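For this chain, numbers begin at 1 and follow the sequence in order. The figures that follow rest on heavy atoms only: side chains count, while hydrogens, waters and symmetry mates do not. Remember, predicted model here, so these are calculated numbers, not experimental data.
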Amino acid sequence: MTNADNKALEHLGVNHLSRQNKEYLSQNQERYSLAMQASNDGLWDWDLKTNKILYSDRWKEMLGFNDDEISDTADEWLSRVHPEDHDRVRASIDAYLEGTTSNFEIEYRIRHFSDNYLWMMAKGLAIRTSDGIATRFAGSQTDVSERKSNEEQMIYDALHDTLTNIPNRTLLLDRIRQSLVRRQRYPKTSFAIIFIDLDRFRLVNESLGHIHGDELLQLISARLKETIPISDTVARLGGDEFSILLQDINSVRDVEVIAKDIQDLFSKPFFLGDREVFASASMGIAHSDNDYKTPEEILRDAELAMYRAKREGKSQSIVFQPQFRQSSLSPIDLDTDLRRALDRDEMELHYQPIISMRDRTISGFEALLRWSHRSRGVISPNEFIPLAEETGLIYDLGQWVLGKACKQIAAWNKSKKKEDQLEISINLSSRQFSDPNLVEGIVENIEKSGFDAEFLKIEITESALMQNAQRSVSMLNQLKDLNIKVCVDDFGTGYSSLSYLHTFPIDTLKIDRSFVHDMSRNFRNMEIIRTIIMLAHNLKLDVIAEGVETGEQDAQLSALGCQFAQGFYFSRPINSSDAALLIQQNHQW
Ligand code: C2E
Ligand code: MG
Ligand code: MG
C-alpha cells in the first residue's frame, strides 16, 4: 500500500477499530488497492466536513503530477475540469450528494500537466449519516480517453465522406433538419440548398482512371470548402455529387451569387499529375421558403433543379420551381441517372423460369433487367431500354447483363449433368444486335465464365431482325457458328416475312403474350397461336408461349403442342437466390 492509501485508511477511521478488525480491514484495503493498481484507476476520498480530498498517487500520476505536487483541495480536481464540462460535473456531484440522484458516475475532460485534456470517468459512493447527510464521498477515476477517441472517430467516420473528408449525406441531412427546426421557431430565418453535379465526370474516370477521378473529387471539394463560408456545410453525397447548405440567406439572389462563385471555381484548371483538367458543374438551388417538412424534400427539389440545369445545357445553376416536379419523369432526367445506375449498383438481373411442358420442369431462364432507382423505385425495362438505346448506353448495359447472366448460369450448371443443364436467354435490343462488336463481346463473356455456348440463347424481336434482313442473316450465322441459340421474341407482333423466316438460322419462336393473354376467350388469337405452333413445327423450330397467367391457358397451350411456356402462372421473374432455390428443389409444375 502507498502512503496515500494508508492515509486513506486512517481517514476512514481505521485507527479507532480493534486490532483484529484493523488487520482484517487492512488486508481488505490491500487487496482493494492492488485491484485498483491493476485496473489503473486513481482514487479520491473527499471529507465533506473538512472539504479536504485525499488523492491517491495514481490519481496524481494520471494527470502527470508527483505525489507532492497536488494538495488536498477540491479545487485541484475541479479547476482542471474542461470549462465546457465543469458545470455538468459540479451539478452531478451536488445532485448526488443532495440525494437527488442515486449514483454518481460521470465522464468529463480534465487537464493533464502537459495541458492536454484527458477523458476520465469518475465513479463515487457517499457515506451518509442516518438522516441522509453525506459526510464523505470516495471513488475512482478511470482514464477513458482511448475509448472516447475511438467513439469520436467512429462518429466522425459515420458522418464524413472517406475520400474527401467532408460531411456526408447523413450529416448534411441532419444539419438541414436542424435548420428546419430553427425555421419553425424563428420563421424569418431562411436557408438554401445547392445541389451540385459534375458534368461529364464519367469521362474523367474512363479516360484518366479512377485514381485521377478520385483526385479530382478531392481537389473540387477543397475548392468548394475555400469558397463557402465556414458556418455553412459542404457535403459529398456520393459519386460526383456535392451539396451545400447555406444558412441565414436573405434572398434567392444571395444564393445565386454564391452559385456564381462556385461556377467560377471551375474556371481554373485542376492539376492531376502533370495533366490539366477542366471540369464544370450543373447546380440546382432550393430555398427554404417552399415550406419543407423533411430535409429529404428540399434536397430532392434541389436535385430536380440540377437536372433542369443539365438539360438546359449544363454548367449553370437553376432555382427550383414547383412545376419542375410535374416534369420530373421526363426521359432527360432518367438519362443522367441511367448513366450512373451501373456505378451505383442499382441494376439487378431477375430470372424468369421457362418451363418444359413435357416434364413440367425448368428448362432454362430468361434474364430480365431490373433498375431500382434510388428515389423513383423500380423502373421498367420498357421505359429505360429505349432510352439506353437512344443514348448508346445500351452497349455498357448489354455487356453487364451478358457478364452477369453467363456467370450465373455457369454457377448453376456446374454440378449438373450435360443433359440436365439449363439454358439462359438474354434479350438484345435492335441497336445491340447491329453492333459490329457484339459477337466479340459475347465470346469474351462466355470464355470468362467458362460455360458451354450452346446453353446461351439470344432473344431478338422480329422487328429488330427485319430492320436489316441481310445483315441479320450474317450476324445470326456468326452466332450459329459459335453454337449460340437464337429466339425470335414477341413473335407475331412484327412484320416478319414468312419467306424470310426460313432463311434465318434461328432455333425458337416465342409467341407474344398479347395472343396468350385472351386466347381462352378470343377465338382469333387461339387460331393465331395454333398457326404459329404449326409453323414452328414445320420449320423444325422450338416454340415458347410467353405471358401464361392461368391454368386454362397452360392446358390449352399443352393441348396445342406448345413445348415451352413462361409466365406469372408458373413464376414471376425472381432474383438469383430465389431462382437457385427452385433449381435446388427440382421444382415441377
Ligand atoms: P420480353 O423480352 O418480351 O420479356 C418478357 C416480359 O414479360 C418481361 O417484362 C416479363 O416480366 C413479362 N412477363 C413475363 N411473364 C408475364 C405474364 O405472365 N404476364 C405479364 N403481363 N407479363 C409477363 P419486363 O421484365 O418488364 O421486360 C420488358 C422488356 O424489356 C422485355 O420484353 C425485353 O424486351 C426488355 N428487356 C428486359 N431485360 C432486358 C435486357 O437485359 N436487355 C434488353 N436489350 N432488353 C431487355
Ligand atoms: Mg424476351
Ligand atoms: Mg417477349
Side-chain angles (χ1 to χ4, degrees), residues 1-17 21-22 25-26 28-29 31-33 35-37 39-65 67 69-113 115-149 151-152 155:
M1 272 206 294
T2 65
N3 273 345
D5 294 332
N6 266 328
K7 270 191 247 162
L9 267 183
E10 276 171 27
H11 213 72
L12 284 165
V14 170
N15 46 355
H16 301 303
L17 298 169
N21 275 345
K22 211 166 164 178
L25 206 61
S26 160
N28 249 354
Q29 283 295 335
R31 246 181 263 132
Y32 179 62
S33 157
M36 276 306 165
Q37 274 169 19
S39 73
N40 246 352
D41 287 348
L43 300 178
W44 45 270
D45 188 350
W46 193 339
D47 184 335
L48 297 166
K49 294 185 302 271
T50 60
N51 202 23
K52 294 220 177 316
I53 305 186
L54 205 70
Y55 300 102
S56 73
D57 292 354
R58 177 71 191 128
W59 192 96
K60 298 170 189 170
E61 189 197 330
M62 286 165 91
L63 298 185
F65 291 96
D67 185 23
E69 286 171 331
I70 296 250
S71 69
D72 55 2
T73 64
D75 206 39
E76 294 279 10
W77 177 4
L78 296 174
S79 70
R80 290 191 171 85
V81 172
H82 194 288
E84 282 174 21
D85 299 340
H86 184 274
D87 291 352
R88 188 169 53 90
V89 172
R90 188 70 248 191
S92 172
I93 293 174
D94 291 346
Y96 176 68
L97 293 180
E98 283 159 14
T100 326
T101 53
S102 58
N103 67 326
F104 175 75
E105 181 176 328
I106 190 167
E107 290 181 359
Y108 58 94
R109 286 160 292 178
I110 189 162
R111 200 175 59 250
H112 186 264
F113 176 71
D115 272 349
N116 289 332
Y117 280 92
L118 300 175
W119 271 101
M120 293 291 183
M121 178 174 67
K123 281 185 189 178
L125 213 58
I127 294 170
R128 295 176 193 272
T129 58
S130 53
D131 44 6
I133 308 289
T135 53
R136 36 183 334 125
F137 185 26
S140 62
Q141 152 181 287
T142 314
D143 188 338
V144 292
S145 305
E146 197 175 316
R147 167 167 64 75
K148 274 284 177 189
S149 99
E151 276 171 15
E152 276 166 12
I155 293 171

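The salt bridge (Lys or Arg N to Asp or Glu O under 4.0 Å) analysis of residues 120-129, with sequence neighbours excluded, yields no pairs.
Ring pair F65/F113 is perpendicular by interplanar angle, where above 60° counts as perpendicular and below 30° as parallel.
For the atom pair OG (S145) and CE (M121), the distance works out to 11.5 Å, reported to the nearest 0.5 Å. Interatomic distance, CZ of R111 versus OH of Y117, reported as 5.0 Å (0.5 Å rounding). For the atom pair CZ of F104 and CG of L97, the computed distance is 8.0 Å after rounding to the nearest 0.5 Å. Going from atom CG of L54 over to atom CZ of R136 covers 9.0 Å, rounded to the nearest 0.5 Å. How far CZ of R90 is from CD1 of I106: 11.0 Å, rounded to the nearest 0.5 Å. Atom CD of E61 is separated from atom OG of S56 by 9.0 Å, given to the nearest 0.5 angstrom.
Proximity of I53 to D72: side-chain heavy atoms (C-beta onward) are nowhere separated by under 4.5 Å. Put simply, the side chain of W77 does not reach to within 4.5 Å of the side chain of I70, judged on heavy atoms. Annotation: side chain of Y108 is not in contact with side chain of L118 (no heavy-atom distance under 4.5 Å). Within the 4.5 Å cutoff, the side chain of E107 has no heavy atoms near those of the M120 side chain. Proximity of F137 to I127: side-chain heavy atoms (C-beta onward) are nowhere separated by under 4.5 Å. The shortest distance between side-chain heavy atoms of E76 and T73 falls below 4.5 Å.
For E146, the side chain to side chain contact (heavy atoms under 4.5 Å, CB included) criterion is met by N150, not counting sequence neighbours. Partners of D85 by salt bridge (charged side-chain N to carboxylate O under 4.0 Å, His left out), not counting sequence neighbours, listed by chain and number: R88, R109.
Contact record, A74 with W46: CB-CZ2, 3.7 Å, taken as the closest heavy-atom pair.
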Salt bridge (Lys or Arg N to Asp or Glu O under 4.0 Å) assessment of E151 paired with R147: CA-CA 6 Å; E151 276 171 15; R147 167 167 64 75; 2.9 Å; yes
Test side-chain hydrogen bond (donor to acceptor under 3.5 Å, both in side chains) applied to D41 and W59, step by step: CA-CA 7 Å; D41 287 348; W59 192 96; over 6 Å; no
Side chain to side chain contact (heavy atoms under 4.5 Å, CB included) evaluation trace for T142 with N40: CA-CA 7 Å; T142 314; N40 246 352; over 6 Å; no
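V89 pairs with exactly one of D94, L78, I110 by the side-chain contact (heavy atoms from CB on, under 4.5 Å) rule, that one being L78.
For E69 and K60, the salt-bridge test fails: no basic side-chain N is under 4.0 Å from an acidic carboxylate O.
Figure legend: R80 and Y55 shown without cation-pi pairing, the cationic atom not lying both under 6.0 angstrom from the six-membered ring centre and within 45 degrees of its axis.
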